[in-house]
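First comes the structure, then the notes that go with it.
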Amino acid sequence: MTHGLPQAAPNRSRLISLLSNLIAADIQIPHRQFAEKLALFINLADSIRLADGLYEVTKAKPEPCIDSPDAIRDAFLRERAGLVRIILKTKIDDAGGVEFKPLQKFYLLQHSTMESKIPQLRSRARKAVAARSTRLAQLAELDLALDSALAAQSRVVFAAIPRLLHKRFIFLQQDAAAPWQESFCREMRTLLLAELEVRLQPVMGLIEALEEEPTHETNTTDQNSQNKVDCI
């Protein structure tokens, strides 16, 4: 497969930029404050879970996996294309009306679809990464630890987006600049695409790590096994 993975923005995600516009505030997190901001997302139970996960990182070893790097990349591109198509092509009931509820239903449906499909894809990518080398097995274990520790807070953050959209809907409705309904639907789809991009970034990172990792360790292991056979 020759398709390249989409590139993430160097400074902040498109989702953050769009939400900043919605609430008219700059919520970019400087890199020097990242650790402090991250700590606010993790409660005591999550921090214990993260500590346990980080301990497991040091013991991680490669394990067999049936998925090849190409299979994982193909699955990623296929799922991403399918989710994008749903966001862009699905008809929104009563999109030209004056009620927010049908629009909220549309957003929550796409939100739910992402929450269902992407964790499965991330798990497949993680298993493929863990099979490649000791170093990548440790990376996969780290990804699992961070995923578990941040899962609850991530759900809270993503759940806040529909509330911001509702405020935007009311603002545009009161402003009454025609055609405001079309403008809102376009903004909502753009926001969904940005959310999809954020949710897929950990999977993209795992796939990139998998493709950049040399196969020397795997080849060495195979050669050692062959040498043992020859000695016998």
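Predicted, not measured: the structure shown is a model, and the values here were computed from it.
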Which atom pair, heavy atoms only, marks the closest approach of [X] to [Y]?
X      : Y      : answer
Leu210 : Leu136 : CA-CD1, 3.9 Å
Arg122 : Leu206 : O-CD1, 4.0 Å
Phe106 : Ile87  : CZ-O, 3.8 Å
Ala71  : Asp67  : CB-OD1, 4.2 Å
Ala131 : Pro64  : CB-C, 4.2 Å
Leu83  : Leu196 : CD1-CD1, 3.6 Å

Task: Val203, Ile72, Ile207 screened by side chain to side chain contact (heavy atoms under 4.5 Å, CB included) with Leu121, the one that passes - done: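 Looking at Val203, Ile72, Ile207, the match for Leu121 under the side chain to side chain contact (heavy atoms under 4.5 Å, CB included) is Val203.
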Which value, rounded to the nearest 0.5 Å, describes the distance between [X] atom [atom1] and [Y] atom [atom2]?
X      : Y      : atom1 : atom2 : answer
Leu88  : Gln110 : CG    : CD    : 10.0 Å
Glu195 : Leu200 : CD    : CG    : 10.5 Å
Arg126 : Asp143 : CZ    : CG    : 4.5 Å
His111 : Leu109 : NE2   : CG    : 11.0 Å
Ile170 : Lys167 : CD1   : NZ    : 9.0 Å
Arg80  : Met204 : CZ    : CE    : 7.5 Å

TODO: Report the C-alpha distance between Leu193 and Glu197 in whole Å, list the side-chain angles of each, state the deciding distance to 0.1 Å, and finish with yes or no for side chain to side chain contact (heavy atoms under 4.5 Å, CB included).
DONE: CA-CA 6 Å; Leu193 291 174; Glu197 180 182 295; over 6 Å; no
Task: Aromatic ring pairing Trp180/Phe169, orientation class (parallel under 30°, perpendicular over 60°, tilted between) - done: perpendicular
Under a 3.5 Å distance rule, please check whether [X] uses its side chain to pair with a backbone N or O of [Y] as donor and acceptor.
X      : Y      : answer
Ser112 : Leu108 : no
Ser148 : Leu144 : yes
Glu141 : Ala137 : no

Task: Within one Ile-Leu-Val-Met-Phe-Trp-Tyr cluster: Leu165 and Ile86, side-chain cutoff 4.5 Å - done: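 Shared cluster, no.
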- [ ] Might you work through the side chain to side chain contact (heavy atoms under 4.5 Å, CB included) test for Gln173 and Phe100, ending with a clear yes or no?
- [x] CA-CA 10 Å; Gln173 189 178 49; Phe100 179 69; over 6 Å; no
- [ ] Go through the steps to decide whether Thr190 and Glu187 satisfy the test side chain to side chain contact (heavy atoms under 4.5 Å, CB included), and finish with yes or no.
- [x] CA-CA 5 Å; Thr190 301; Glu187 288 181 5; 5.6 Å; no
Open item on the list: Run the side chain to side chain contact (heavy atoms under 4.5 Å, CB included) test on Phe171 and Arg168 for me, step by step, so that the C-alpha distance in whole Å, both residues' side-chain angles and the decisive distance to 0.1 Å come before the verdict.
Closed with: CA-CA 5 Å; Phe171 172 80; Arg168 178 65 171 171; 3.6 Å; yes
Task: Heavy-atom check, side chain of Arg73 versus side chain of Pro69, under 4.5 Å - done: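 Side chain of Arg73 against side chain of Pro69, heavy atoms only: no contact under 4.5 Å found.
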